[in-house]
Amino acid sequence: KDMFEGVDFYGIDDLLTEEHKLIRSSIRDFVKKEISPYIEDWAQNSHFPYEIVKKFGDVGAFGPQIPSEYGGGGLDYISYGLIMQEIERGDSGMRSTASVQGSLVMYPIFKFGSEQQKKKFLPKLASGEMLGCFGLTEPDHGSNPSGMTTNFKDMGDHYLLNGAKMWISNSPKADVAVVWAKDENGRIHGLIVERGMEGFSTPETHNKWSLRASCTGELVFDNVKIPKENLLPGKSGLGAPMMCLDSARYGIAWGTLGAAMDCYDSARRYALERIQFDKPIGSFQLVQKKLAEMLSEITKAQLLVWKLGKMMDEGKATTAHISLAKRNNVAMALDIAREARQIHGGMGITGEYSLMRHMMNLESVVTYEGTHDIHLLILGHEITGIPAFK
Ligand code: TGC
Ligand code: FAD
């Protein structure tokens with residue numbers, strides 16, 4: 001594992017600046033030291049290592065794309081992508097912790113929050129002093145968040161919040177939750193809910209076979225009194241959470257490249273070391289086909305996210321552009337994890353190697369932030385102008 005040096009068949013590094021390469025190598029070193037030696041134990045024991053939150057803050061993994069005046073990194077979108085790639089090479093659950101904090105908690109507060117909210121929350125979220133989560137999905141509304149029933153009433157000097165969210169990354173340990181709920185007119189707004197508010201609880205979801213080192217839970221609101229200054233004033237409607245999803249889905253498109261590279265790297269080395277029929281298994285054409293296909297798909301995916309990153313920086317990337325990359329790169333990584341697992345034979349199912357963990361993690365990644373098929377429908381809508389989900 002320590003030998004990992006990255007996959008760059010097409011010299012894509014030529015498209016990166018010196019700063020990009022420095023950022024990538026600092027996060028790669030961080031992952032090598034703080035995540036890779038422990039991740040198998042954390043995942044096997046279903047343990048979320050809370051101490052990683054402060055460490056992520058120190059290394060600049062939270063909100064790299066948020067301006068530095070609020071504690072963010074003030075970096076471009078390629079840098080953000082490279083950070084996600086290196087963290088997910090370690091583990092998709094660790095990348096979830098970082099991308100939820102940066103894209104789904106800091107981003108909406110930065111984009112739609114008041115100056116007071118930005119000053120109160122962003123520096124602490126950036127440094128890892130606070131952990132956040134993002135509540136959109138409900139038990140009966142996953143792919144169709146506009147049907148949500150979580151709601152709040154205006155009580156004069158405060159709001160009263162009721163309802164429940166499900167499948168929320170970071171929720172059991174979060175200090176704050178950005179929650180999407182409907183007002184009395186059915187309009188969606190973002191509210192900042194803080195741990196300790198009466199009637200607010202975050203039960204943990206147990207027995208996951210996927211993202212075992214990331215904590216997932218519910219958000220339950222039973223007549224929670226929300227101070228009026230905790231409503232995000234800058235934008236309402238489904239478009240507000242969807243803008244956050246654009247940023248997070250972009251990070252996932254890069255992140256899954258990291259998981260795919262780790263699987264490819266492991267498969268290539270195993271294929272050269274493992275002897276069967278008196279030869280390295282890498283000498284057999286069927287194994288070479290698998291490796292050649294992995295390298296081809298990784299290379300195409302790298303070019304895709306690099307160009308998308310440029311479009312993000314220029315403000316030209318649309319939801320459909322992002323859907324194409326999220327869908328393609330998650331599927332690419334999942335296929336590579338499965339093929340790499342095959343190349344490792346029986347060894348591939350053990351915790352000696354990262355393949356099975358990546359493979360199981362990616363089953364969540366292909367589902368969250370819009371399922372594989374929902375992204376097809378977003379593209380279908382873009383192509384035809386007809387929304388198939390209506
Ligand atoms: P639709 O009619 O398309 O849109 C409703 C309104 O929203 C506007 N809008 C956007 N605005 C800005 N940016 C975007 N990206 C926008 N997308 C939509 C749209 O213009 C419209 O505005 P208006 O003013 O006309 O009302 O909405 P729909 O209800 O038909 O839904 C469309 C659909 C199915 C594509 C969408 O809801 C969807 O993407 N569903 C998937 C749900 C999803 O991705 N959930 C993710 C939850 S968070 C999560 O999974 C975190 S995992 C984190 C981790 O651990 O990494
Ligand atoms: P459903 O929407 O019920 O979909 C089930 C199946 O039906 C899917 O295959 C889907 O593609 C298909 N389907 C649905 N509608 C259509 C259609 N119109 N046409 C064709 N097929 C369709 N959410 C958050 O808000 N915050 C989080 O932090 C968060 N973290 C998560 C962490 C994990 C580990 C997981 C597993 C999920 C997380 N989610 C989070 C929720 C995630 O976004 C949802 O699981 C996802 O949006 C899908 O919703 P669902 O599970 O209800 O599936």
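What you see is a predicted model, and the numbers here were worked out from it, not measured in a lab. Every number for a ligand or one of its atoms is a count from 1 in the order of the listing.
Between Thr137 and ligand 1, no N or O atom pair is found at a separation short of 3.5 Å. For ligand 1, the polar-atom distance check against His381 finds no nitrogen or oxygen pair separated by under 3.5 Å. Geometrically, ligand 1 and Leu104 share no nitrogen or oxygen pair separated by less than 3.5 Å.
Heavy-atom proximity to atom 10 (C) of ligand 1, evaluated over Ser96, Gly239, Gly237, Ser92, is greatest for Gly239. Among Thr319, Leu136, Thr216, Ile378, the residue whose heavy atom lies nearest to atom 15 (N) of ligand 1 is Thr319. Closest heavy-atom approach to atom 50 (O) of ligand 1 within the set Met242, Glu369, His375, Lys326: this belongs to Glu369.
Not close to ligand 1: Pro387, with no non-hydrogen atom less than 4.0 angstrom away.
Listed by number with element, the atoms of ligand 1 under 4.0 Å from a non-hydrogen atom of Ser169 are 54 (C), 55 (O). Which parts of ligand 1 touch Gly142 is read off a 4.0 Å heavy-atom cut-off, strictly below it: atoms 42 (C). Applying the 4.0 Å criterion to heavy atoms of Arg95 picks out, from ligand 1, the atoms 56 (O). Taking a cut-off of under 4.0 Å to the non-hydrogen atoms of Met243, the atoms of ligand 1 that pass are 12 (C), 13 (N). Residue-ligand proximity, Phe134 to ligand 1, at heavy-atom distances under 4.0 Å covers atoms 48 (S). Contact atoms of ligand 1 toward Ser99: 56 (O) (distance under 4.0 Å to a heavy atom of the residue). Close contacts of ligand 1 with Ser146, meaning ligand atoms under 4.0 Å from a residue heavy atom, involve 29 (O).
Under 4.0 Å is where a charged nitrogen must lie from a carboxylate oxygen, and between Lys119 and Glu115 at least one such pair does. Using a cut-off of 4.0 Å between Lys/Arg side-chain N and Asp/Glu carboxylate O, Arg269 and Glu273 are scored as not salt-bridged.
In this structure, atom 55 (O) of ligand 1 has protein heavy atoms in its sub-4.0 angstrom surroundings. At least one protein heavy atom sits closer than 4.0 Å to atom 48 (S) of ligand 1. Note that atom 25 (O) of ligand 1 has no protein non-hydrogen atoms nearby, at separations under 4.0 angstrom. For atom 52 (S) of ligand 1, a protein heavy-atom neighbour is found at a distance under 4.0 Å. Checking atom 29 (O) of ligand 1 against the protein gives a heavy-atom contact under 4.0 Å.
For the salt bridge (charged side-chain N to carboxylate O under 4.0 Å, His left out) with Glu363, the qualifying choice from Lys208, Arg212, Arg338 is Arg338, the only one to do so.
In this structure, Gln116 places its CD atom where only 12 or fewer heavy-atom neighbours from other residues, nucleotides or ligands lie under 6.0 Å away. Atom CD of Glu19 has 12 or fewer neighbouring heavy atoms from other residues, nucleotides or ligands inside a 6.0 Å radius.
Between the side chains of Ser92 and His358, no donor-acceptor pair is found at a separation under 3.5 Å. Judged purely by distance below 3.5 Å, without hydrogens or angles, the side chains of Thr205 and Glu218 never pair a donor atom with an acceptor atom. Side-chain N/O atoms of Asp29 and Ser26 include no donor and acceptor closer than 3.5 Å.
Looking at heavy atoms from C-beta onward, Leu232 lies in side-chain contact with Val178 at the 4.5 angstrom threshold. Within the 4.5 Å cutoff, no side-chain heavy atoms of Lys228 are placed close to those of Asp157.
Taking the six-membered ring wherever Trp is involved, the centroid distance between the rings of Phe56 and Phe30 falls below 6.0 Å. Ring centroid separation for the pair Tyr270 and Tyr353 comes in under the 6.0 Å cut-off.
Summarising the geometry of Val224 relative to Phe200, their closest heavy-atom pair is CG2-N, 3.8 Å, with the distance given to 0.1 Å.
Looking only at protein heavy atoms, the nearest one to atom 2 (O) of ligand 1 is Lys390 NZ, 2.9 Å. Taking atom 31 (O) of ligand 1 as the reference point, the nearest protein heavy-atom neighbour is Leu238 CD2, 4.2 Å. When only non-hydrogen protein atoms are considered, atom 39 (O) of ligand 1 lies nearest to Arg249 NH2, 3.0 Å. In terms of protein heavy-atom proximity, atom 33 (C) of ligand 1 is closest to Phe389 CZ, 4.3 Å.
Only the side chain of Leu245 comes within 4.0 Å of ligand 1, judged by heavy-atom distances.
Contact residues for ligand 2 (protein heavy atom closer than 4.0 angstrom to any ligand atom): Phe134, Leu136, Thr137, Gly142, Ser143, Trp167, Ile168, Ser169, Leu211, Ser364, Thr367, Tyr368, Glu369, Thr371, Asp373, Leu377, Phe389.
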